[in-house]
Student: 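The following block contains the structure, expressed as structure tokens.
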Amino acid sequence: MAPSSSVARPRRTRSMAGALFMVGCLTLLSGWSSPSSLHAPPPSAMVSESSDETSPALSPMGLAAEYITIDVSYMRWMWWPAILYLFWGMAFVCDEYFVRTIDVISDRFQIPDDVAGATLMALGCNGPEMALNTISIFHPSNIGVGAVVGGEVFNVLVIIGTALLATPDMYMPLKLGRFCFFRDVIFYMVSVGMLYWVLHNGSVSRLNAAVLLCGAVIYTLVVTYSAKISAWFSQERKLIRTASRRFTNTRFSFLPRMLSGGLKSSGDDDDSDTDDEPDPETIAEWSRAKACKDPEAGSILGVRVDLRNRLMDRNHHIDNRYMWLQEDALVVSTVIDPVGERKALQLQRGQSGICFDYDKHTNDQHWHHGGLVNQPIFFGSQDGPKDEKSANSLQNPLLTESQRSLATGDVNPPSIQLPGFRDAPWEVIPFEDILYCERGVGDEKHFNLHVHQHDSHLGNLITLELSTKDEAVMNAWVEALRGKLLAQRRKTTEAPPAKGVMDSLMQWVEWLQFPVKFFVQRTIPDMDDPKQQHLYPVSFTMSMVWLAVFAFSVVKACDGIHEDFGISTDVLGFTVAAAGTSFPNVFSGMCVARQGKTSMAVANALGANVQNVFLALAVPWTIQSFFLVGGPFPMPVDNLLPAVLECAITLMPVVLVYMCSSFAMPKWSGGLFLLTYVVYVVFALGQQISKCPMWPFPCGTSSR
């Protein structure tokens, strides 16, 4: 899907002069900040010893040393911004290049989405952690293991907690599919137990590494065949319900509900097979739209969302969506495919952005897709809004005035009156947020839309990959979209708005990011460009090289912090390295939560924890034990038992809230999870300061 030469790419490039200037500035600053330069000799000492030679001109460093004195001890604080910068560099390479390369490999070898999500995409999701552990082979350090163990806690509490707080109220309390949730929780606990089994004696053997890899294979098979396994469990529950109704006395009427999956209110069983049957008119409209060549009348297109984030893109796949073109917006229905996708609805509820809607606009609370880019909203019917508040409740900052008039019922799609479409929200993507429409050379069945999330500084570029089997439908949509976008550009006659504080800060951020972006873009082929996708082996290799460079720098920075501040590398791994490698996923989790796809963030966070142990640790350890060392190698980890117990204890609030809230997560639980993480960090710091792994409990005479 190569863009036209006249359209600017989303990744900005700058001139070579700017690059040289930046390198010169960095060199000057590095020379100024080196310890030797801080204690430069006075200018008089720079005079040549030979009296018959003229005195040379003062160097910039010597002149600075004459007027500026800096205590070298203050320079140790530069470790913290430096390590933050390195964490960002790892995330940038992994999200923008490594994951995208793996995506291209999956497409070229036609690997199914569910298999790719559990294998290759999981490898990309855990790229930073795996890079840290790979570097530990050549530069022994506990940072990699600490990042994995601490990342388990961070993913469960911080990513899930912030995603819940960012979720719109219409989807709260958040309903999650029981099968997928408990599947990932069980594997998570098993992986943590296996990690303790491997490391408790301070070494890793071939058997240990092989068992962890077997765990990865088993988890991959379970995820791949989850639909069949879930269907088998559903059939068993039906048999249990039938037997319970026949043989259980009415005085024990609670037993059928317990045996069928837990206490729940009628109509709220998210795993039940009694979901409302699709309306015949909805099915007829869906069938008509599949072959419709008029974008303004509505068509069915396959959509896959690329968020440029290794965690949220872990399980992305193609969904069929009903969409149509308005005068100044692309409108997308959240209705689930009434024919194809409905068969796999149970599994989708757990991990693909299917959400449960509590909004009062619906006649019945039901499941539908989350938004692709923005939060979906409800359109008013031709009979007018159901109440005055409902019309103005489309008071949504995502809408401009033109889209607001569309949402309140002034202009509606023809299908809005059909029961299946009327009770589902619609997503409005203004053309002003679409950067451009891109189509590959010789590709007649796919095109891309590059979109920015409206009024959001959290979201980066979002790519919508659209596809259809009918070439005529695709041609009609590409032509119509390009015409609409061109007309939208011509309407823009006003001066751009004045830059605010956030825009100015972003300019500073871009300036700081420029050195890394410049060199990475010049050494890794762009997999977004179809003309370069044949270079995927080069892109994969160079992505791994850059991840290794950043990982080595992170390990050295942690060693420097350990020497200058006395903080143990174990604590740095559990806290700093864990938060640094996972923190970019927090913002992406909040972005998808605003679209209503919080269930996807929860499922991916739990699944990433499992693959952290089974891949990020197992793969480097297998290489080292089988090919480099040829046997067991030492891997001592201090305070391993408290760290493993903390992983299990911090998971308990998530499971208890889910079970006690009728298999849902209320919004207040997000704050509870964040508070739990703060308590975890306090305990970690207390253990470091007191040198007692059981703090706040007494350790007796033992200091370890």
Side-chain angles (χ1 to χ4, degrees), residues 1-12 294-296 298-309 313 316 318-319 321-334 369-377 396-407 411 413 426-440 443 446-468 473-494 496-497 528-530 588 591-592 594-595 597:
M1 303 97 204
S4 62
S5 58
S6 61
V7 180
R9 299 290 294 171
R11 293 172 182 155
R12 302 176 184 175
D294 184 5
E296 296 185 359
S299 301
I300 303 298
L301 299 179
V303 184
R304 184 169 70 172
V305 183
D306 189 353
L307 295 172
R308 298 295 198 278
N309 178 260
D313 288 337
H316 67 171
I318 297 176
D319 293 319
R321 303 293 289 271
Y322 182 97
M323 59 183 67
W324 66 295
L325 290 182
Q326 234 312 319
E327 183 64 27
D328 51 5
L330 171 65
V331 185
V332 184
S333 173
T334 60
H369 284 291
L372 300 173
V373 179
N374 301 319
Q375 177 187 345
I377 54 95
N396 198 319
L398 298 177
L399 300 178
T400 61
E401 289 300 323
S402 56
Q403 282 84 48
R404 194 180 303 279
S405 64
L406 176 144
V411 181
W426 296 70
E427 180 181 4
V428 178
I429 304 177
F431 288 145
E432 63 187 66
D433 293 339
I434 300 177
L435 298 184
Y436 58 91
C437 175
E438 179 185 45
R439 188 171 187 173
D443 189 351
H446 299 82
F447 72 93
N448 293 345
L449 290 180
H450 299 280
V451 188
H452 274 297
Q453 197 172 31
H454 195 81
D455 295 338
S456 173
H457 293 286
L458 294 178
N460 294 321
L461 184 72
I462 298 177
T463 299
L464 305 182
E465 303 174 5
L466 296 98
S467 61
T468 183
V473 174
M474 185 60 58
N475 291 334
W477 268 87
V478 171
E479 182 180 354
L481 271 168
R482 287 178 173 172
K484 295 283 188 181
L485 291 175
L486 182 59
Q488 174 67 29
R489 302 298 187 266
R490 290 173 177 172
K491 289 181 181 178
T492 308
T493 58
E494 299 180 357
D528 285 330
D529 186 356
S588 296
C591 288
V592 299
R594 292 179 57 183
Q595 303 160 13
K597 297 185 288 190

Student: Report the residues that fulfil side chain to side chain donor-acceptor pair (under 3.5 Å) with Thr463, sequence neighbours left out, ordered by chain and then residue number.
Tutor: Arg308, His450

Student: Given Leu466, which of Val478, Ile318, Val303, Asn448 fulfils the side chain to side chain contact (heavy atoms under 4.5 Å, CB included) condition?
Tutor: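 Exactly one pass, corresponding to Val303.
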
Student: Quick check for you: to the nearest 0.5 Å, what is the distance between Asn475 atom CG and Phe447 atom CZ?
Tutor: 10.5 Å

Student: Decide yes or no on side-chain contact (heavy atoms from CB on, under 4.5 Å) for Leu372 and Val332, but give the supporting numbers first.
Tutor: CA-CA 8 Å; Leu372 300 173; Val332 184; 4.0 Å; yes

Student: Rounded to the nearest 0.5 Å, what's the gap from CD1 on Ile462 to CG on Asp306? Could you check?
Tutor: 9.5 Å

Student: Tell me every residue that passes side chain to side chain donor-acceptor pair (under 3.5 Å) with Ser299, counting only those two or more places apart in sequence or in another chain.
Tutor: Trp477

Student: How close do Leu325 and Lys484 get, heavy atom to heavy atom, and via which atoms?
Tutor: CD1-CG, 4.3 Å

Student: Once rounded to the nearest 0.5 Å, what's the spacing between atom CD of Glu438 and atom CZ of Arg482?
Tutor: 9.0 Å

Student: Hey, could you give me the CD1/CE distance between Ile300 and Met323, rounded to the nearest 0.5 Å?
Tutor: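 So the CD1 of Ile300 and the CE of Met323 are separated by 8.0 Å.
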
Student: If you look at every heavy atom in Met474 and Thr468, which pair is closest and at what distance?
Tutor: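 Closest pair (atom of Met474, atom of Thr468, distance): CE-CG2, 3.1 Å.
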
Student: Could you tell me whether the side chain of Asp433 reaches within less than 4.5 Å of the side chain of Val373, counting heavy atoms only?
Tutor: no

Student: Looking at every non-hydrogen atom in both residues, tell me the closest pair between Ser467 and His446 and how far apart they are.
Tutor: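 Looks like CB-CD2, 3.4 Å.
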
Student: Testing the basics here: between Ile429 and Asn374, what is the closest heavy-atom pair and its distance to 0.1 Å?
Tutor: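 In terms of heavy atoms, the two residues are closest at CA-ND2, 4.1 Å.
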
Student: Run Cys591 and Leu307 through side-chain contact (heavy atoms from CB on, under 4.5 Å) and show every step you take.
Tutor: CA-CA 9 Å; Cys591 288; Leu307 295 172; 5.9 Å; no

Student: To the closest 0.5 Å, what do you measure between CZ (Arg304) and CZ (Arg321)?
Tutor: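 Answer rounded to 0.5 Å: 15.0 Å.
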
Student: What's the spacing between Glu427 CD and Thr334 OG1 if we round to 0.5 Å?
Tutor: 9.0 Å

Student: Could you report the tightest heavy-atom contact between Ala476 and Pro295, atom names first, then the distance?
Tutor: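 Ala476 and Pro295 have their closest heavy atoms at O-CG, 3.8 Å.
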
Student: If you compare all heavy atoms of Leu330 against all heavy atoms of Phe431, which two are closest, and at what distance to 0.1 Å?
Tutor: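 Closest pair (atom of Leu330, atom of Phe431, distance): N-CE2, 3.8 Å.
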
